[in-house]
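Just so you know, ligand 1 is whichever comes first in the structure, and atom 1 is the first atom listed for that ligand. Quick caveat, the model's predicted, so the values are computed rather than measured.
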Amino acid sequence: MKTEMRKQDDVVKLVNISSQKWPPRQRTYLGSLTIASPEEGEAFAVTTIRGCNEVMDLGDKRTIDVAISAREIAEDLVREINGDSGEGSFHGVFVAEGPAPTEAELTDARQKLEMFQRKLVANADLEWERSHNPMFITDLERRAARELHLDKPWLYDPKPLAECPACGERVKAGVAVCRTCRAVLDPEKAAKFGFIGKEVEPLPEADHKKGR
Ligand SMILES: [Zn+2]
């Protein structure tokens with residue numbers, strides 16, 4: 001029995017409306033496939049997916065030839081890309097019914113993507129309210145807010161915190177004087193702002209502790 005990889009004429013178009021770049025998809029029957037992303041100013045990008053035959057070797061010179069349609073391949077890729085971020089997850093990739101995406105298909109995809117992005121932003125808002133910790137905001141949530149042109153406090157990188165060598169409390173990087181124990185952390189800066197040679201009033205909190 002002669003086996004060969006038969007290229008199928010059957011093709012579908014995988015459409016991507018997101019500017020996000022994904023690592024190439026790996027499939028035994030495809031090799032490595034890069035999903036096209038729209039360039040600046042483009043509304044979408046199209047990747048042509050071709051059906052193929054996978055020849056499975058069963059040993060003893062027996063093989064099974066399995067035809068995989070372009071639509072099956074494309075839908076499998078779409079599931080993988082859209083489905084990795086929890087409930088309602090959508091990243092802007094779909095399979096066009098015809099040879100090119102219709103306006104209705106594009107509108108539907110834009111609405112689904114926006115709905116998912118708004119959900120991500122709402123999650124990040126809740127997380128921010130709870131923790132005020134930008135470490136708990138995901139890259140996906142930040143990207144969603146940027147794509148929706150929303151200005152959020154959790155979009156900005158936090159000022160790194162340092163530890164006061166005198167009392168061990170967390171202080172903002174680059175401060176002149178520790179706000180907890182009043183140790184001078186940067187003499188030059190402290191002098192410049194008049195903290196040295198001047199009696200520094202302790203914080204009310206520190207005063208209270210001292211009195212106990
Ligand atoms: Zn301190």
Side-chain angles (χ1 to χ4, degrees), residues 16-26 32 34-35 37-42 45 79-93 109-212:
N16 176 18
I17 62 163
S18 161
S19 57
Q20 197 178 335
K21 304 253 191 288
W22 293 282
R25 305 287 119 180
Q26 313 295 334
S32 180
T34 301
I35 310 248
S37 298
E39 298 295 326
E40 189 81 35
E42 287 178 347
R79 253 195 311 276
E80 181 179 273
I81 291 172
N82 285 334
D84 67 353
S85 310
E87 208 195 320
S89 172
F90 183 69
H91 293 295
V93 178
R110 272 185 223 114
Q111 282 171 350
K112 268 166 82 179
L113 183 59
E114 188 181 322
M115 207 190 291
F116 180 55
Q117 285 172 336
R118 293 208 178 274
K119 197 178 137 190
L120 289 170
V121 168
N123 281 348
D125 279 342
L126 270 180
E127 181 55 55
W128 182 253
E129 206 175 288
R130 192 181 68 79
S131 68
H132 271 266
N133 188 342
M135 297 258 292
F136 293 138
I137 308 298
T138 66
D139 288 345
L140 201 58
E141 288 163 346
R142 282 179 222 275
R143 192 186 301 123
R146 288 198 189 100
E147 288 194 5
L148 292 171
H149 305 289
L150 297 172
D151 191 23
K152 295 288 181 180
W154 42 260
L155 271 179
Y156 306 99
D157 284 333
K159 289 246 161 41
L161 288 175
E163 229 168 61
C164 170
C167 72
E169 282 295 315
R170 305 233 285 174
V171 290
K172 281 180 192 153
V175 295
V177 174
C178 171
R179 65 185 287 272
T180 308
C181 73
R182 319 307 286 173
V184 173
L185 303 176
D186 183 338
E188 205 180 307
K189 208 183 239 181
K192 187 179 162 195
F193 292 104
F195 284 111
I196 289 175
K198 199 166 99 179
E199 193 55 46
V200 178
E201 280 296 308
L203 286 176
E205 191 194 12
D207 210 23
H208 178 69
K209 274 183 194 155
K210 216 167 32 181
R212 279 195 171 176

Ion pair check, R110 and E114, cut-off under 4.0 Å: no
Qualifying salt bridge (charged side-chain N to carboxylate O under 4.0 Å, His left out) pairs, either residue in residues 124-139, two or more places apart: D125-K152, E127-R130
Polar protein atoms near the Zn ion (ligand 1) [N, O or S; cut-off under 2.8 Å]: C164 SG, C167 SG, C178 SG, C181 SG
Beyond-backbone contact of V93 with W22, side-chain heavy atoms, under 4.5 angstrom: yes
I17 side chain reached by P38 side chain, heavy atoms, under 4.5 Å: no
Contact check, side chains of K21 and S37, non-hydrogen atoms, under 4.5 Å: yes
Heavy-atom side-chain contact between S19 and E147 under 4.5 Å: yes
